[in-house]
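These notes concern the structure reproduced below.
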Amino acid sequence: MAKNILMKLDRITKNYTMGEITIEALKETSLEIVEGELLVILGPSGSGKSTLLNIMGGMDLPTRGLVLYGKQNLSEAGDEQLTRYRRTDVGFVFQFYNLIPDLTARENVELAASLVDNPLPVEEVLREVGLENRMNHFPSQLSGGEQQRVSIARAVVKQPRLLLCDEPTGALDYVTGKMILGLLAKINRERGSTVVIVTHNTAIGGMADRVVRMRSGKIIEITENRSPVSPERIEW
Amino acid sequence: MSVLARKILRTIWSTRGPFLAVVAVVVIGVSVYISMTTAFYNLNRSKEVFYRENNFADYYFHVVKAPQEIIKQIEAIPGVIKATGRIQKYLPVIQESNKRATARLISYPLPMENEVNRLTLLSGRLFEKYPQNGNIEILVDPQFARANNLAPNDTVTVVAEGKRVSLTVVGTGTSPEFVYPMKDAASLMPEPDSFGIIMIPHNQAQQILNLPGQINQVVLRLAPGIDTEELAEQVKKILEPYGNLADYAREKQLSHAVLQAELDGLKTTSKILPLIFFVIAAAIQFIMLGRMVKKQRLQIGVLKALGYSNRQIIIHYTGYALVVSIMGALLGTLLGLYFASIISKAYAQFFNLPEAISGVNIQAILYGFILSMSVGIVAGLTAFRKIVSISPAESMRPEPPKSSRKILLENLPWLWNKLSPSWKMSLRTAGRNRVRFGITMVGVVFAVGLLIIAFFADDSINYMLKKHFHQEQRYDYLIRFTSPLKEHELLNITRLKGVLKAEPFLEIPVKVHFKGRTEEDLLVGLPLNVTLKKLHSEKDYPLQLPENGLLINKQTADKLGIRVGDIVEVETLLGIGPSRRACLKVVGINQQVIGGGSYIALDQANRVLKEKQLISGAMLKVDPGKAGQIEEELNKMTGISSVISRQKELNNFHQNLDSLIYFTAIMIIFAVVLGFAIVYNALVISFSERQRELASLRVMGFTAKEVSGLLLKENLLQSSLGLVIGLPFGFVMAREYVRAISNDIYTLPVVIYPKTYILSALGGILFMMVAHLVAAKGIKKMNPADILKDRE
């Protein structure tokens, strides 16, 4: 099967100014993302993996380098183009869920659904993540795992081609974490979305089609996983 | 409802305290605007309609007497639309109780259709020229009728040409020239029980005053756009042989001037006062939205990550401010219309305007909404820059710590090192949030300033009354004779039991000519050793009456540019006897808080008239125990046209000032709400901003009280500074306010007693503390563990 390249990152560098110091978060990093794959980016904190994810998601622009999404050059995109890209093509799942506290589970998902022309039915997505009985609860009334499931539902409802997850299990316990990973794998498998998971948990690499290892703003290794295991069988 | 709209509503609910506080400020702004604008519009419209329909005169001419045919000659002057000749005279009224009152008798040619200053009947029926029963029929003004319980068919007895004449009341009426029925500019307030307007058919007036075929007043309607001064000169030339006494344009007609002054003041206030509230509402929203955007940084980042555009997010946050505006405008309009109806009711009592003073002014409401919405939009858009500058990726990261800079005070180590850590924290917070600190302080300054405005009118009026009734006027009664008498006739009064002292005076209405310009004035001759009337200079030095020379009234001096040492010419306008002219040297300028008049020695006043020992009235000091008896005796004397009791004048004044208390109360409420809103919101914002810091303190072991003390210090810093600046600022506001609404008729001295400063400061402390107590409730409810667990 010919591999279809969804996104191409070419020698990207990203510098940050935090208060009075400048941090070089990414150093001339290149990566291609294959349509339909489940990619896990591994690395310790500060390795630049989240920065890479943010640039993939159009949340941030590289200081130097090229970001190609299909024929779109995202590295030179304006605010409007990036907004459109995030709106139609990308779904985000964050470590701390980042739900809108003033909106119920259902409304958080509706918030995203209302942005696109052909969203999935909101209740169906919530049922799919196992929240059919918690739809009218506010984030403060949900457990961490439940909040993360709302967050996934919120990302998936837009039917994005690219689902980007930043430490999706980082704030969850073992059992819940595995369940969330299972959900992500299922979405990758059944809906054909390209899923990128950023994590420092090396065990999660086992479920990936490809594993990218990062350290100090650079990719140090990319390995292909011939036989990914199901999340239920991952141990850490 | 869209999800974002629901989010706004929930955000509003979760910030309902500050939300309601800012709504309250907008409500006040809108209600003040709507009530005053509506009241202005209604009063102005009633005035215009009334003036137009009743042909209100553009110009007045008074003569001693002239044949009524003269009107035709005046009407022939190009530019004169209509001239009406009539008789106007002040007559003593003898009431059943024998008390004295004065009536301004005005005659009306019948039929009245096109005449200038036509009447409008308010109750009863119009008088007839020749009633079958031979009565003389009159109309009276409604206030006089009410104050004296006059009903149709009651009679009013006046003294005309030395004879008592009974007049039959057939109804009440009004005309543009006595919308505000005041005797003269010196009276300041209507005294309906002792002064009224009597309207009478022209033929009857001629008969009772023995003026067959005569008039003594000409009123004119003029074509718009003509040179009125030049026309007035032509009319005066025609009237010259008949003794010109006075002439003035509508602007100087007393009733009109008072009404116009009220309208002008209302218009000015309707612009200034709401502006203060709108600006402060905008400022509060500015800091509120600024904080909200900061607090919801992460949420904004998430919305952006989801694909919401900047525009959508800005609209969303502006929406919050717009809800404030709409709620404020709606409630403000309702409250404003209610206030407008109260104000209009008060005006209906004050002013005789036949057209009902009511109505909803759509334009005012529309402007109220527009104003309120603009405030919301402006405040909403101020959050704009911050929203745009938030990068979604960056918003996911915790904000970098604020660059902590030293504040100015730290350069003074001897002071800084003595401060406790909590003071240092509060001071640094203030130093870091200078904009918010500044806005809050300015808000407190205005709130305290408004408190001073609320209280100061009472001070100024009290000062005026005290000065006038206790320092300038030392007499208990002031009596005026129906016509001038010889000085020795005063003995009849001095002889009355209980009269301790009687000092005569001679009042001569005059025109003062100086360098080609003219002003009307009242010349008052007093005995050189006068004790019952005190005169003061502009700078409040006592003035001694000179044997020779004039102590001119400040207003006249100002208008004509007269200075001490100048020579002025006076022309007498007594109306009886020939007009005299005399040159007088100005030896001083006298100023009185109420009333006017220029003073000379009694002998010199007689010399001006080429008379000897003539007096027109007297001031009396009486034994307090015999006052009632003396008043009764005086009222029995026929030669006396009016008896003014100082005590009654004072009471009347106080009665009329009762309504001031409502004004004061409303202003106090407004000022306190404003002060509360701004301090409370600043505290809530500060609390939410420093929640983690305060939570950490709680975890460390600080009590809720200690933590709230920290917030209190910050509150005290900005509010006390605001208070300290607000007190003198209030004086400036009061002075500017008085300047804005001052006019020829009224000017209020800006006097502020320490009591007012103390009350205003107490008011300020009250709203500060209440705001603090309400805001500090959040500290007790705070669960430190929850706050620290969250990533904000």
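Letters A, B, ... are given to chains in the order of the sequence lines, protein chains preceding strands, and every chain is numbered from 1.
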Suppose the criterion is ring pair (Phe, Tyr, Trp, His ring centres under 6.0 Å): which pairs have a residue in residues 48-79 of chain A, not counting sequence neighbours?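 For residues 48-79 of chain A, and leaving out neighbouring residues, the ring pair (Phe, Tyr, Trp, His ring centres under 6.0 Å) pairs sorted by first residue read Y69(A)-Y85(A).
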
Are there more than 12 heavy atoms of other residues, nucleotides or ligands under 6.0 Å from atom CD of E80(A)? no

Atom CZ of R16(B) with >12 non-hydrogen neighbours under 6.0 angstrom: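 It does: R16(B) CZ has more than 12 such atoms within range.
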
Where on Y97(A) is there a heavy atom nearer than 4.5 Å to chain B: the side chain, the backbone, both, or neither?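 No part of Y97(A) comes within 4.5 Å of chain B.
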
So, the part of D79(A) with a heavy atom under 4.5 Å from chain B: the answer is side chain

Distance check, rounded to the nearest 0.5 Å: [X] atom [atom1] versus [Y] atom [atom2]?
X       : Y      : atom1 : atom2 : result
L103(A) : K7(B)  : CG    : NZ    : 6.5 Å
E107(A) : R10(B) : CD    : CZ    : 4.0 Å
S309(B) : R84(A) : OG    : CZ    : 11.0 Å

Closest approach of M59(A) and A305(B), non-hydrogen atoms and distance? SD-CB, 3.2 Å

Out of L115(A), L82(A), T83(A), which one racks up the most heavy-atom pairs below 4.5 Å with chain B? L115(A)

Residue among G57(A), G91(A), P101(A), S50(A) with most heavy-atom pairs under 4.5 Å to chain B: P101(A)

Distance-only, no hydrogens or angles: does the K158(A) side chain make a donor-acceptor pair with backbone N or O of L306(B) under 3.5 Å?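 Such a contact is found between K158(A) side chain and L306(B) backbone.
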
Please collect all salt bridge (charged side-chain N to carboxylate O under 4.0 Å, His left out) contacts where either partner lies in residues 36-57 of chain A, sequence neighbours excluded, each pair once.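 Pairs touching residues 36-57 of chain A that pass the test: E37(A)-R210(A), K49(A)-E167(A).
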
Atom group of L9(B) that falls short of 4.5 Å from chain A, counting heavy atoms: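 Contact with chain A is absent: no heavy atom of L9(B) under 4.5 Å.
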
